[in-house]
Amino acid sequence: MAGDDTDAPSGAKERLKQISSHIEPSAQKKRRRRRPDSDLPADYSDILGQIAALRKIATTPDPNNRGYVRQKQAGKLWVRERVEQLLDPGSFQEVGSVSGTVKWKQLGGIKEEPEDYVPSNNVQGFGTLKGRKIVFTADDFSIRAGHADGALVEKTIYMEKLAIALQLPIVKLVDGSSGGGSVTTISKTGFSYVPPLPSFAQVVQQLNMGIPNLGAVVGPAIGLGAARVVACHFSVMAADIGSLFNAGPNVVKNATFEEGLSLTDLGGPAVHCTNGTIDNLAPDEAGCFEQIRTVLSYLPDSGTKLPPTIESSDPIDRISESLRSIVPRARNRMYNPRKIITEVVDQGSFFEIGALWGTTAIVGLARLGGRPVGIVSLDCEVNAGALDALGSQKITRMLKFLDVFNMPLIQFVDVPGYAIGTAAERSATMRHGVQLATTYYSTTMPIFSVIVRRVYGVAGGIMLDCRDPRMRVAWPSGMWGSLPLEGGIEVAHSHELKEIEKNEGKDKRDAKYKELEDEYRRLMNPVRTANHFGIEEIIDPAYTRRVCCEWVGHVYGSLLPERIMERVAGRVKPSFA
């Protein structure tokens, strides 16, 4: 890859001299007080001058540097431009601002000055996003493509530890290998090494503590860089410049003999935003930054705090008459479930996660009365809403996400069961479905369910029976049972129907089937279930928002504060990783 070139800043020596001449006050203009026994300045201006000179080099783009030129030719922002665009204006506080490789020129005695300087290829520090303080790391691909021989691993580990100690969200802008390995490290150190992974223990700790980890792929995310962003609670890829892979095309060519692969072919958005490796897709870097800001606005700083609430101008008792007719009476007709979600939650608050993968499921974040909630729904317009392997994985990840951030879940349930057929069996639908079931039963965040239409089989049971007591309501369009009638009648009355067809003909058989179907449909009137308290309440769909808002308000007022205390005491220990 081009990133294997050495990209030390050209003319650094001359630039340092020019910068030092401007920063160092002239001796003719200012006489410094000196210690009697030393010719060093009493105000440490020599040290401060060295720091200022190095910082100036690090923060000033060099148009003659081939790494910088390559970065711009690729259509990517320089690392300092990213910091400026991501953070609130004036909020950047760098940590390790002069870290890097310095060649020192001896001036006699103990005096010296920097002669050549290559900054560390990861810019890190503090800043704010819409007023929220964060820790962040940003790779500088223009210096050794982010490889370890241009990085200082201690710097990254320190920032990971700071996020834990200060309980602050951490944002990771990945462009390159994020300090991952390079064969040139061997020639630099004089020996090879068994690969360590020193920062991942802190990453896992952050994930399970509920310290938001938000990552963006803003270039090729390679090896360790790929692992760092995929490990995040939320990740997003820039469509125009992003890619992600375990190893680049040259390494792949030698290992698997696949030739002519581009970065996009190997691991672009069409690959990793559709298989669940990366959560979301953004059009460009600015879009990535905006999605990170949006997601953070729903999340607490850590799992020992409540999600942040905001003022909402959307009345909690807003009536939505359109919901009364959104589910067609014809059972084989579908509807748009996203219209239900956006109609119930605070207007403009729904943020979907993973829209391009596991498309039988819809998950995301929203607000009700200004309070953050998670959303789970099935999409009846995709495979009739049957829960397949990827859909199960997607909901599983979302449940863990909500549990670790103390966020209640609102479910809009319309599930005909697990996906069936040879494709479903080959993709291990039941394996992932059972994993989803264990996640429903092992997480403890509050769940409220709105039964919109169908609830059948094991899939329906785990979604609705995973909390005791159950907190749920149904719409009048609700249909439920062990099996859908379509197919269920054939199974239950197989012998009877076959005998009628054999002895009396197909028309008689079809008439008997219609008779059975009508009888079962009469008995499946949802009011009959409510008569036996099999469903606690059937509501007018137009009032769904009010019901959900009242439940969420109670959860935030009573249940979540108690849950926070239990997490502080160590009695509740959610696990995301």
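Ring pair Phe405/Phe576: centre-to-centre distance not below 6.0 Å.
For Tyr335, the OH atom is densely surrounded, since the number of other residues' heavy atoms within 6.0 Å is greater than 12. Around the CG atom of Asn246, the shell of radius 6.0 Å holds no more than 12 heavy atoms that belong to other residues, nucleotides or ligands. For Lys72, the NZ atom is densely surrounded, since the number of other residues' heavy atoms within 6.0 Å is greater than 12. Summarising the local packing, NZ of Lys161 is surrounded by 12 or fewer heavy atoms from other residues, nucleotides or ligands at distances under 6.0 Å. When the shell of 6.0 Å around CD of Glu381 is examined, it contains more than 12 heavy atoms from other residues, nucleotides or ligands.
Residues Phe412 and Ile341 meet the side-chain proximity criterion, which asks for heavy atoms closer than 4.5 Å. Looking at heavy atoms from C-beta onward, Val118 lies in side-chain contact with Ile143 at the 4.5 angstrom threshold. Taking 4.5 Å as the limit, every side-chain heavy atom of Ile170 sits out of range of all side-chain heavy atoms of Phe136. Under the 4.5 Å side-chain criterion, counting only non-hydrogen atoms from C-beta, Ile278 is in contact with Val230. Put simply, the side chain of Val203 reaches to within 4.5 Å of the side chain of Glu160, judged on heavy atoms. Looking at Asn275 and Trp357, their side chains never come closer than 4.5 Å, going by heavy atoms from C-beta outward. Contact check for Ile326 versus Val452: no side-chain heavy atoms found under the 4.5 Å cut-off. Proximity of Glu352 to Ile362: side-chain heavy atoms (C-beta onward) are separated by under 4.5 Å at one or more points.
Of the possible donor and acceptor atoms, none in the side chain of Thr360 sits under 3.5 Å from a partner among the backbone N and O of Leu387. A distance-only check finds a donor-acceptor pair linking the side chain of Ser392 to the backbone of Asp388 [under 3.5 Å]. When atom types are taken as modelled, the side chain of Arg293 and the backbone of Leu86 share a donor-acceptor pair closer than 3.5 angstrom. For Asn406 (side chain) and Lys305 (main-chain N/O), a donor-acceptor pair under 3.5 Å exists by modelled atom type. In this structure, the side chain of His233 does not engage the main chain of Leu214 through any donor-acceptor pair within 3.5 Å. Judged by distance alone, the side chain of Ser575 and the main-chain N or O of Ala577 form a donor-acceptor pair under 3.5 Å. Remark: side-chain polar atoms of Gln93 are not paired, donor with acceptor, to backbone N or O of Gly125 under 3.5 angstrom. A donor-acceptor pair under 3.5 Å is formed between the side chain of Lys394 and the backbone N or O of Gly354. Within the 3.5 Å criterion, the main-chain N or O of Leu168 finds no donor-acceptor partner in the side chain of Asp301. A distance-only check finds no donor-acceptor pair linking the side chain of Asp346 to the backbone of Arg371 [under 3.5 Å].
Taking the centre and axis of the six-membered ring of Phe289, the NZ or CZ atom of Arg82 falls outside the cone set by 45° and 6.0 Å.
Among Asn122, Asn213, Thr137, the one residue that satisfies the side chain to side chain donor-acceptor pair (under 3.5 Å) test with Lys172 is Asn213. Considering Ile241, Val236, Leu244, Asp175 in turn, Leu244 is the only one that fulfils the side-chain contact (heavy atoms from CB on, under 4.5 Å) rule with Val217. Considering Arg338, Arg318, Arg545 as possible partners of Glu343, the one that fulfils the salt bridge (charged side-chain N to carboxylate O under 4.0 Å, His left out) test is Arg318.
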Practice task
Under the salt bridge (Lys or Arg N to Asp or Glu O under 4.0 Å) rule, what do Arg132 and Asp88 come out as? Steps first, then yes or no, please.
Solution key: CA-CA 9 Å; Arg132 292 274 299 279; Asp88 295 344; over 6 Å; no
Exercise for the section: Starting from the C-alpha separation in whole Å, work towards a yes-or-no answer on side-chain contact (heavy atoms from CB on, under 4.5 Å) for Val404 and Leu207. Expected result: CA-CA 8 Å; Val404 82; Leu207 295 175; over 6 Å; no
Problem - Trace of the side-chain contact (heavy atoms from CB on, under 4.5 Å) decision for Val174 with Val218 - result: CA-CA 6 Å; Val174 177; Val218 288; 5.8 Å; no
Practice task
May I have the step-by-step check of side chain to side chain donor-acceptor pair (under 3.5 Å) for Asp140 and Ser142, ending in yes or no?
Solution key: CA-CA 5 Å; Asp140 187 352; Ser142 71; 2.5 Å; yes
Problem - Derivation and outcome, side-chain contact (heavy atoms from CB on, under 4.5 Å), residues Val271 and Phe245 - result: CA-CA 10 Å; Val271 177; Phe245 33 80; over 6 Å; no
Practice task
Kindly determine whether Leu399 and Met445 satisfy side-chain contact (heavy atoms from CB on, under 4.5 Å), including the steps that lead there.
Solution key: CA-CA 9 Å; Leu399 295 179; Met445 73 288 181; 3.6 Å; yes
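Annotation: the span from Phe401 atom CZ to Tyr298 atom OH amounts to 10.5 Å, rounded to 0.5 Å. Thr342 OG1 to Ile375 CD1: the interatomic distance, rounded to the nearest 0.5 Å, is 10.5 Å. Atoms OG1 and CG, on Thr439 and Asp403 in that order, are 9.5 Å from each other to the nearest 0.5 Å. Separation of atoms CZ (Arg397) and CD (Gln393) is listed at 11.0 Å; rounding is to 0.5 Å. We find the CG-OG1 distance between Leu365 and Thr294 to be 10.0 Å, quoted to the nearest 0.5 Å. Rounding to the nearest 0.5 Å gives a distance of 8.0 Å between CD1 of Ile134 and CD1 of Ile292.
Between Glu94 and Arg55, no side-chain nitrogen of the basic residue sits less than 4.0 Å from a carboxylate oxygen of the acidic one, so the salt-bridge criterion is not met. Salt-bridge annotation for Arg367 and Glu311: absent, with no side-chain N of the basic residue lying under 4.0 Å from a carboxylate O of the acidic one.
Across all their heavy atoms, Ala238 and Cys288 have their closest contact at N-SG, 3.4 Å. In terms of heavy-atom proximity, Gly176 sits nearest to Asp139 at N-OD2, 4.5 Å. The two residues Gly287 and Pro283 have their closest heavy-atom pair at CA-CD, 4.5 Å. Heavy atoms only, all atoms of each residue included: Met407 and Pro372 are closest at CG-O, 3.6 Å. Closest of all the heavy-atom pairs between Ala163 and Gln206 is CB-NE2, 3.9 Å. Minimum interatomic distance between Ile395 and Tyr440 (heavy atoms only, all atoms of both residues): CG2-OH, 3.9 Å.
Residues Arg80 and Thr59 have side chains that never bring a donor and an acceptor to within less than 3.5 angstrom of each other. No hydrogens or angles considered: nothing links the side chains of Ser312 and Asp314 as a donor-acceptor pair under 3.5 Å. Side-chain contact, Thr304 with Ser302: a donor N or O sits under 3.5 Å from an acceptor N or O.
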